[in-house]
Protein chains: 4
Amino acid sequence: MFQINTGSAEPIYRQLMDQLRRRVAAGQWVAGQELPSVRDLALQLAVHPMTISKAYSLLELEGLLERRRGLPMVIAAGHARPAAARDRLESLRPALARAAAEARELDIPKAQALRLFERLLDAPDTGAL
Amino acid sequence: MFQINTGSAEPIYRQLMDQLRRRVAAGQWVAGQELPSVRDLALQLAVHPMTISKAYSLLELEGLLERRRGLPMVIAAGHARPAAARDRLESLRPALARAAAEARELDIPKAQALRLFERLLDAPDTGAL
Amino acid sequence: MFQINTGSAEPIYRQLMDQLRRRVAAGQWVAGQELPSVRDLALQLAVHPMTISKAYSLLELEGLLERRRGLPMVIAAGHARPAAARDRLESLRPALARAAAEARELDIPKAQALRLFERLLDAPDTGAL
Amino acid sequence: MFQINTGSAEPIYRQLMDQLRRRVAAGQWVAGQELPSVRDLALQLAVHPMTISKAYSLLELEGLLERRRGLPMVIAAGHARPAAARDRLESLRPALARAAAEARELDIPKAQALRLFERLLDAPDTGAL
DNA sequence: GTGGTCTAGACCACG
DNA sequence: GTGGTCTAGACCACC
């Protein structure tokens, strides 16, 4: 359901938030859909419940989630439809800009960088060079 | 000489280390070349000298830099030649893998993602969509 | 818990690292065991917290310690058992080689040097000649 | 004539001073004997002349050396005879005390430590375990 | 001139 | 509570 990397430098709650945001934008999660409870998700990911709670609360502040007393949280109404294609593309920009900056510093030919990216878009992670 | 982003979540000393590593790999800095002194670089980047010193020391531990008592640090011998093209490309992989994962979660068409990356490779940062 | 000599030429953080390394090798500290917190140890040794932190961080880089976000650091797994006897003896060699070199330069008879060493092995520090 | 290890943590001028002191104590260098000039020794050891000069000056302050205008420095009179055996042994103590402390922290059996020391006293450096 | 170490103390991020 | 980062500034050692 969620892919958490405990060893990463990126904080866990942020990994959660980012994934949830992107999946809502992509329409994988739709308005009204119930989220797993804090405790369940904490157990499943082997993470402290407070960490889950922090992610949920921040997303509630953002308006992406809605809290209903005594009931599981849900994706907020108003997020019924996935984000427009150009907004989604825009939210991909920072990661790509960073990769581009690294490629430039490494003096990697444009064609090579593009080819590697294309391969990674096809094959999730394992693709050898 | 170095591009530091004070506001970034990535610590300054780490930004320095990454840039230096990449530029040595690209052959922009060659073995035996003297680095700017801790104090000079600190002044230039408007950063505390200890921050620079930390980056230098860690790179020395890694074997990328060499300390010579009383003299400026230098790029270590054994890093005379830039890294092989495939090693450089390999070190670009993590950043691209991350972008690819995000693109997949956002359900962005491959062609769009590739086009954006291509544009960012050409135009450092500003290119509008 | 740790013996720090503030007056020594050897930096405090390095004294800490050396002691911890040796005690893990000797099996006095075992894998998974929690280290005293940076702040506690700093108070106890009357030293600045950053000094402790530096020692801990470098040992983490070495792989001897493991960081767990929000929790005290622990001896890394993979250091469950104390080092083999011959490795421990090997790590004693530099100090003894140095002493031997000095003895030779001082033209001290072998028997005398050995007797002094034996006495120091028994009586930690105070034994008069 | 002198063994200098540029890579060591111990400063060069101190390595020089220690060696000279020990050799005078052992009677290898006797009162009135001329020392190599600062420049010659600097060339020979590939070291900055100021480093040699610093060692000589400090030893002059100690009274071990004597400066004579326009002439090479010499071992001071009053150091005609080597130091008494017990003084020489005493000056070996710090190095041995340190080794003993390490042996204790490493939990190395006394007999093993002694055997290693004995071997190192015989075979300068190379002796395998 | 060079880098190294340490302190005092602030602020942040994570759990 | 945990550790991490940074600043301001002192002092040292080496060359």
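Quick note on labels: first sequence line is chain A, next is B, and so on, each numbered from 1.
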Can B:R69 and D:H48 be said to form a side-chain contact (heavy atoms from CB on, under 4.5 Å), step by step?
CA-CA 11 Å; B:R69 283 192 286 211; D:H48 197 287; over 6 Å; no
Could you check C:A46 against B:V38 and say which one's nearest nucleotide on DNA chain E is further toward the 5' end?
B:V38
What does [X] touch in the nucleic acid at a heavy-atom separation under 4.0 angstrom: a base, only the sugar-phosphate, or nothing?
{"X": "B:R68", "result": "nothing"}
{"X": "B:H48", "result": "base"}
{"X": "C:V47", "result": "sugar-phosphate"}

For E:dC14, the nucleotide meeting Watson-Crick or G-U wobble distances (both under 3.5 Å) is F:dG1
In whole angstroms, how far is the [atom2] atom of [N] from the [atom1] atom of [X]?
{"X": "B:L35", "N": "E:dT2", "atom1": "CG", "atom2": "C1'", "result": "13 Å"}
{"X": "B:L41", "N": "E:dG1", "atom1": "CG", "atom2": "P", "result": "17 Å"}
{"X": "D:I4", "N": "F:dC14", "atom1": "CD1", "atom2": "C1'", "result": "14 Å"}
{"X": "A:R39", "N": "E:dG15", "atom1": "CZ", "atom2": "P", "result": "20 Å"}
{"X": "C:L61", "N": "F:dG3", "atom1": "CG", "atom2": "P", "result": "16 Å"}
{"X": "C:M73", "N": "E:dC14", "atom1": "CE", "atom2": "P", "result": "17 Å"}
{"X": "B:I52", "N": "F:dA8", "atom1": "CD1", "atom2": "C1'", "result": "15 Å"}
{"X": "C:E66", "N": "F:dG3", "atom1": "CD", "atom2": "P", "result": "15 Å"}

Out of [options], whichever nucleotide has its closest atom nearest the side chain of [X]:
{"X": "B:D40", "options": "E:dT2, F:dT7, F:dG3", "result": "E:dT2"}
{"X": "B:K54", "options": "F:dT2, F:dT5, E:dT2", "result": "F:dT5"}
{"X": "D:T51", "options": "E:dG3, F:dT2, F:dC15", "result": "F:dC15"}
{"X": "B:P72", "options": "F:dC15, E:dG15, E:dT2", "result": "E:dT2"}

Taking only Lys NZ, Arg NE, NH1 and NH2, and the carboxylate oxygens of Asp or Glu, determine whether [X] and [Y] approach each other closer than 4.0 Å.
{"X": "A:R98", "Y": "B:E10", "result": "yes"}
{"X": "C:E105", "Y": "D:R21", "result": "no"}
{"X": "A:R68", "Y": "A:E34", "result": "yes"}

Donor-acceptor pair under 3.5 Å: do we get one between B:R69's side chain and the base of E:dG3?
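Not at all, since no donor on one side and acceptor on the other fall under 3.5 Å apart.
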Could you measure the distance from the CD1 atom of C:I52 to the CE atom of C:M73? Nearest 0.5 Å is fine.
12.5 Å
Quick one: OG1 on B:T51 to OH on B:Y13, what's the gap to the nearest 0.5 Å?
10.5 Å
Between B:L71 and C:Y56, name the one whose nearest nucleotide on DNA chain F is closer to the 5' end.
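Nearer the 5' end of the strand: C:Y56.
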Find which nucleotide of DNA chain F each of B:G70 and C:E60 is nearest to by heavy atoms, and output the residue with the more 5' nucleotide.
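Nearest nucleotide further toward 5': that of C:E60.
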Do any of residues 8-15 of chain A sit with a heavy atom less than 4.0 Å from DNA chain F, and if so which?
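Heavy-atom cutoff 4.0 Å gives no residues at all.
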Just checking, any donor-acceptor pair under 3.5 angstrom between side chains of D:S57 and D:R67?
yes
Find out whether A:R93 and B:L120 are in side-chain contact, i.e. whether some heavy atom of one side chain is under 4.5 Å from a heavy atom of the other.
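A side-chain contact exists here, since the closest heavy-atom pair is under 4.5 Å.
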Are B:S37 and E:dT2 close enough that a side-chain N or O sits under 4.0 Å from OP1 or OP2?
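Yes, such a contact exists.
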